[in-house]
Amino acid sequence: MIEWRPNAPKWAQVADVLKERIADGAYPPDTQLPSQHQLVEEFDIAPNTAQKVLTRLREQGFAYSVRGVGTFVAARDDR
């Protein structure tokens, strides 16, 4: 479970956890990330918060989506 910081939005804190997991190799490139439902369950967050996490990871270049399949870790040159 995550210890929430009061000065940061939950979506940003969950995104940070996932980015750490990506950086540590727990989620290598092209590995499927947890689904929105799995994020809701793991972090006890609202579905719209989980969706925002995945959206931000895609916007920041950490992930990409395959329609109807899920969200996956993007290969990055700066690692």
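What you see is a predicted model; the values in this text were computed from it and never measured.
Using a 4.5 Å heavy-atom threshold, the side chains of Val73 and Phe62 count as separate. With a 4.5 Å cut-off on side-chain heavy atoms, Val17 and Phe43 count as touching. Looking at Leu57 and Thr71, their side chains never come closer than 4.5 Å, going by heavy atoms from C-beta outward. Side-chain contact between Val53 and Leu18 is present, with heavy atoms from C-beta onward closer than 4.5 Å. Residues Asp30 and Tyr64 are in side-chain contact: their nearest non-hydrogen atoms beyond the backbone lie under 4.5 Å apart.
The two residues Leu54 and Pro34 have their closest heavy-atom pair at CD2-O, 4.0 Å. The shortest non-hydrogen separation linking Gly61 to Ala74 is O-CB, 3.5 Å. Nearest heavy-atom pair across Pro47 and Val40 is CA-CG2, 3.6 Å.
Residue pairs meeting the salt bridge (Lys or Arg N to Asp or Glu O under 4.0 Å) criterion with at least one partner in residues 57-69, sequence neighbours excluded, are Arg56-Glu59.
Under a 3.5 Å cut-off, the side chain of Thr49 and the backbone N or O of Ile45 do not form any donor-acceptor pair. Checked by atom type and distance alone, the side chain of Glu41 never pairs as donor or acceptor with a backbone atom of Gln38 at under 3.5 Å.
In this structure, the side-chain contact (heavy atoms from CB on, under 4.5 Å) partners of Gln32, at least two apart in sequence or on a different chain, are Phe72. Every residue was checked against the side-chain hydrogen bond (donor to acceptor under 3.5 Å, both in side chains) condition with Asp24, not counting sequence neighbours, and none meets it. Scanning for side-chain contact (heavy atoms from CB on, under 4.5 Å) contacts around Asp16 gives Arg5, Lys19, with sequence neighbours left out. When the salt bridge (charged side-chain N to carboxylate O under 4.0 Å, His left out) test is applied to Arg21, the partners found at least two apart in sequence or on another chain are Glu42. Residues satisfying the side-chain contact (heavy atoms from CB on, under 4.5 Å) test with Glu20, not counting sequence neighbours, are none.
From Glu3, atom CD reaches atom CD of Gln13 across 9.5 Å, with rounding to the nearest 0.5 Å. One finds the CG atom of Asp44 at 11.5 Å from the CD1 atom of Ile2 (value rounded to the nearest 0.5 Å).
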